[in-house]
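Letters go in sequence order (proteins before strands), and every chain restarts at 1. All figures in this text were calculated on a predicted structure; none of them were measured in a lab.
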2 protein chains.
Amino acid sequence: VGEPIDRLLDLLDLEQVERDLFRGRNPSRSSGAPGRVFGGQVASQALRAATNTVEPDKVVHSLHAYFLRPGRPGQPIVYNVDRIRDGRSFTTRRVVAIQNGEAIFNLDTSFQRPEPGIEHQLPFPAGVPDPETLHNDPGWGGNDRPVEYRDCPPAPPASRRHWMRPRGTVPGEDPALHACVLTWASDHGPVGAAGRPAGLGHGQGMRASLDHSIWFHRPFDVNQWMLYDLEGVAAAAARGLARGAIFTQDGEHIATVYQEALLRVT
Amino acid sequence: VGEPIDRLLDLLDLEQVERDLFRGRNPSRSSGAPGRVFGGQVASQALRAATNTVEPDKVVHSLHAYFLRPGRPGQPIVYNVDRIRDGRSFTTRRVVAIQNGEAIFNLDTSFQRPEPGIEHQLPFPAGVPDPETLHNDPGWGGNDRPVEYRDCPPAPPASRRHWMRPRGTVPGEDPALHACVLTWASDHGPVGAAGRPAGLGHGQGMRASLDHSIWFHRPFDVNQWMLYDLEGVAAAAARGLARGAIFTQDGEHIATVYQEALLRVT
């Protein structure tokens, strides 16, 4: 294992236990909160498991997931795939991630045979500094982590904004693998953004991701700087919702992310 | 059956076939495209089925659904509920809607025991005329439909904007029933909004809802005018994503909706 991204790629190389049943390795050290597996890891492995059961000419275009229970580091996670629909244009999969007989996570995801269509997108935000000029690390990006993050200066109404890029190269042109890496990376940021408009600072209170949704709008190469523009949408009842828009440095809007977080102020 | 909303309330009164299995009536005339059941009806019945298996002191706060196959009008739909998690604060349910042995729709939804927390929300849009001053019917609101809609004048960047209110009264204070009615109502609008920024006009091309997500931010009474502010977020590859924000007339942001739609220009 050479570059830090290779450790994530290794985790995405699932063992096929049965046709629709996969087992994912799960290191004892995780980049999530102490004692629990990072949600982005479970989400990316679940997406990999779903993709392994889909014809290779179909590409993931959306996923919706719930985090049900904390995953335990150091213990494999089993991914059970339900082939709920195989259509001509679209294929849908449901995945349940299991540890110790309990569902810790579930994912629904949809794949599309690519076809042309009308185009529009969100504008790339104004005044964003180039990643090469930034050195601020939001704390998830230690030199050994699979993805490098560089914080942008505060710029309301954005609740936070950062550049991100794999530490190393994601090989080949398998769009699924690129989507898995982006899924992993997209789980850093939303929880903090969800409480920011109400003044909730970094690390305050008890927080956890409740769900995670991604829509992949366009094909993309994950081996480049990508801007993650995050905005807190609404919060009440100890829950906060964040929106994320992911752009290439060229300004292409490649994905939209939504995540609701538990925000308990203790 | 007196008021138009009563017909929807009647459809939400599911037959309990087994503890976690429900059957929903399904009239031969639907408000969806000819020959297929309106997606909002399936979504609201599925949410009802899930809620029927959850302790009454927990309230739905989010749902994520995929439309898999068109439902056939005039034939009951069976809702199979999976109690994937019963937690202390949160409970999660997965529902599969079945007709003729095939899954036509699936829903994941989460319920929360209400607790206090920090608050913020999107601003109520400026320059929205009061519903009482409007008479424009976007076409889904014939006098016999369960919900009345009144179109607002075009106001970019909104892709469309309308007021909506049940035709008749949703009784009692069961938040689940109010959420079911809002879910029904929220499936009118996003498909049109998803293509609007690219100039796709009303009724152009072949369209269908692909998924549907709702986050319910705050408790609400569905018996009032609610503003549905919709914006096309991105489109490419024959798919378009729309965001909806739902406000009370007092300016409370009660829910956020996301829907991706198939947008084939023929």
Side-chain angles (χ1 to χ4, degrees), chain A residues 59 61-62 64-66 68-69 82 84-85 87 89-90 92 94 96 102-104 106 108-110 112 114-122 195-200 205 210-211 213 215 217-219 232-241 243 245 253-256 258 260 262-265, chain B residues 59 61-62 64-66 68-69 82 84-85 87 89-90 92 94 96 102-104 106 108-110 112 114-122 195-200 205 210-211 213 215 217-219 232-241 243 245 253-256 258 260 262-265:
Chain A
V59 178
H61 69 92
S62 69
H64 299 285
Y66 278 111
L68 303 174
R69 296 178 175 90
D82 171 16
I84 191 167
R85 184 186 176 224
S89 300
F90 291 92
T92 319
R94 314 184 87 195
V96 178
E102 286 188 328
I104 63 166
N106 74 263
D108 295 350
T109 178
S110 180
Q112 180 199 28
E115 54 178 296
I118 57 163
E119 301 232 352
H120 66 81
Q121 67 159 68
L122 293 182
R196 196 64 51 91
L200 199 65
L210 295 172
D211 64 8
S213 292
W215 294 266
H217 303 303
R218 296 172 171 80
V233 173
R239 293 174 282 108
L241 181 65
R243 170 194 69 78
H253 179 194
I254 54 177
T256 298
Y258 259 72
E260 193 173 38
L262 180 64
L263 302 174
R264 278 198 186 118
V265 182
Chain B
V59 177
H61 69 91
S62 70
H64 299 285
Y66 278 110
L68 303 174
R69 297 177 175 92
D82 171 15
I84 191 166
R85 185 187 176 223
S89 300
F90 290 92
T92 318
R94 313 184 88 196
V96 178
E102 285 188 329
I104 63 167
N106 74 264
D108 294 350
T109 178
S110 180
Q112 180 199 27
E115 54 180 295
I118 58 163
E119 301 233 352
H120 66 82
Q121 66 158 69
L122 293 182
R196 197 65 53 90
L200 199 64
L210 294 171
D211 64 8
S213 292
W215 293 268
H217 303 304
R218 296 174 171 78
V233 172
R239 295 173 282 107
L241 180 65
R243 171 193 69 77
H253 179 193
I254 54 177
T256 297
Y258 259 72
E260 192 172 40
L262 180 65
L263 301 174
R264 277 198 186 119
V265 182

Please classify the contact of [X] with chain A as side chain, backbone, both or neither, using a heavy-atom distance under 4.5 Å.
X         : result
Ser213(B) : side chain
Ser110(B) : both
His217(B) : both
Ile118(B) : both
Pro116(B) : backbone
Ala103(B) : side chain
Asp108(B) : both

Using a cut-off of under 4.5 Å on heavy-atom pairs, state which of [options] scores highest against chain B.
options                        : result
Gln121(A), Arg264(A), Arg94(A) : Arg94(A)
Ala234(A), Gly117(A), Ser62(A) : Ala234(A)
Arg243(A), Arg69(A), Glu115(A) : Glu115(A)
Leu210(A), Val59(A), Val265(A) : Leu210(A)

Problem - Donor-acceptor contact present, side-chain His253(A) to main-chain Ala255(A), <3.5 Å - result: yes

Handout entry: Electrostatic pair Arg85(A):Glu102(B) at N-O distance under 4.0 angstrom
Key = no

Practice task
Would you mind checking if Glu119(B) and Arg218(B) are paired as a salt bridge, meaning a charged N to carboxylate O distance below 4.0 Å?
Solution key: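 The answer is yes: the pair qualifies as a salt bridge.
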
Problem - Qualifying residues under ring-ring contact (aromatic ring centres under 6.0 Å, His included), relative to His64(B), sequence neighbours excluded - result: His64(A), Tyr66(A), Trp215(B)

Practice task
Only counting residues at least two apart or in another chain, list the ones meeting ring-ring contact (aromatic ring centres under 6.0 Å, His included) with His61(A).
Solution key: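 Listed in chain order: Phe90(A).
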
Exercise for the section: Taking all heavy atoms of Gln112(A) and all of Ala237(B), pick out the closest pair and write down the distance. Expected result: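 Minimum heavy-atom contact is NE2-O, 2.9 Å.
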
